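Predicted model, so just to flag it, every value in this text is computed and none were measured. Numbering starts at 1 and runs along the sequence shown.
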Amino acid sequence: MTGMTQNLLGGPAPTELPDVPEAREALENGVDPFEVAARHPEFPGAWAELADRAFARGGVIDSYAYARTGYHRGLDQLRRSGWKGHGPVPWEHEPNRGFLRCLHALARAAAAIGEDNEAERCRTFLRDSSETAAKVLAENGK
């Protein structure tokens, strides 16, 4: 697996998702995330942005749906990148952030609709994947 570092503690190596420069750059340049998601449905960053915007305007169910879509697209990519269902997904690797943001957004939306078991499962998954992501996303308040 290219781009992965060896884990000296004996656990699984960190998983690094591939970059999608065209989609990432489009979002960075202010292209509407609806357009980015339509052109690059495999890019969790677009779904995370849609989930955050929906939640901010009070669209909890929309946010849940966008986050769930990005989460599943990200899981597919993680598996293709060698992830075996557990192990680090470092926030420090920029392409991982869309998936981690979707996981956070899914936990947030699930909690908002009273789906407590799902919310806790997602929060635990996020912490287990990246303590840094859990901390950064909690601090951002998104």
Does the side chain of [X] reach to within under 4.5 Å of the side chain of [Y], using non-hydrogen atoms?
| X | Y | result |
| --- | --- | --- |
| His86 | Pro12 | yes |
| Trp47 | Leu50 | yes |
| Pro90 | Pro14 | yes |
| Pro33 | Arg53 | yes |
| Glu118 | Arg68 | yes |
| Glu42 | Val20 | yes |

[X], [Y]: one ILVMFWY side-chain cluster at the under-4.5 Å cut-off?
| X | Y | answer |
| --- | --- | --- |
| Tyr66 | Leu75 | no |
| Phe99 | Trp83 | yes |
| Leu106 | Ile113 | yes |
| Val31 | Phe43 | yes |

Sequence neighbours excluded, which residues qualify as side chain to side chain contact (heavy atoms under 4.5 Å, CB included) partners of [X]?
| X | result |
| --- | --- |
| Ser129 | Val89, Leu100, Phe125 |
| Arg97 | Trp91, Glu94 |
| Ala134 | Leu126, Arg127 |

Between Asp62 (side chain) and Phe55 (backbone), is there a donor-acceptor pair under 3.5 Å?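 Between the backbone of Phe55 and the side chain of Asp62 there is no qualifying donor-acceptor contact (under 3.5 Å).
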Taking Ser63 for its side chain and Gly59 for its backbone only, find out whether a donor-acceptor pair lies under 3.5 Å.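 No; zero donor-acceptor contacts below 3.5 Å.
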Short N-O contact, Lys135 and Glu139, less than 4.0 angstrom: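 Here Lys135 does not pair with Glu139 in a salt bridge, since their nearest N and O are not under 4.0 Å apart.
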In plain terms, say whether Asp52 and Arg108 are close enough for a salt bridge, that is, a side-chain N and a carboxylate O under 4.0 Å apart.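 Arg108 and Asp52: salt-bridged.
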Which residues satisfy the salt bridge (charged side-chain N to carboxylate O under 4.0 Å, His left out) test with Glu35, sequence neighbours excluded?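 Glu35 satisfies salt bridge (charged side-chain N to carboxylate O under 4.0 Å, His left out) with Arg39 once adjacent residues are dropped.
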Holding to side-chain hydrogen bond (donor to acceptor under 3.5 Å, both in side chains), I want the full list of residues that pass it with Glu131, two or more places apart in sequence or in another chain.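 In terms of side-chain hydrogen bond (donor to acceptor under 3.5 Å, both in side chains), with neighbours along the sequence ignored, Glu131 is linked to no residue.
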Would you sort out whether Leu137 and Arg101 count as a side-chain contact (heavy atoms from CB on, under 4.5 Å), showing the intermediate values? CA-CA 7 Å; Leu137 293 168; Arg101 286 178 58 208; 3.9 Å; yes
What pairs meet the side chain to side chain donor-acceptor pair (under 3.5 Å) rule with one or both residues in residues 71-80, with sequence neighbours excluded?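 Every side chain to side chain donor-acceptor pair (under 3.5 Å) pair that includes a residue of residues 71-80, provided the two are not neighbours, is Tyr71-Arg121.
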Between OH on residue Tyr64 and CD on residue Glu115, distance to nearest 0.5 Å: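 Those atoms lie 3.5 Å apart.
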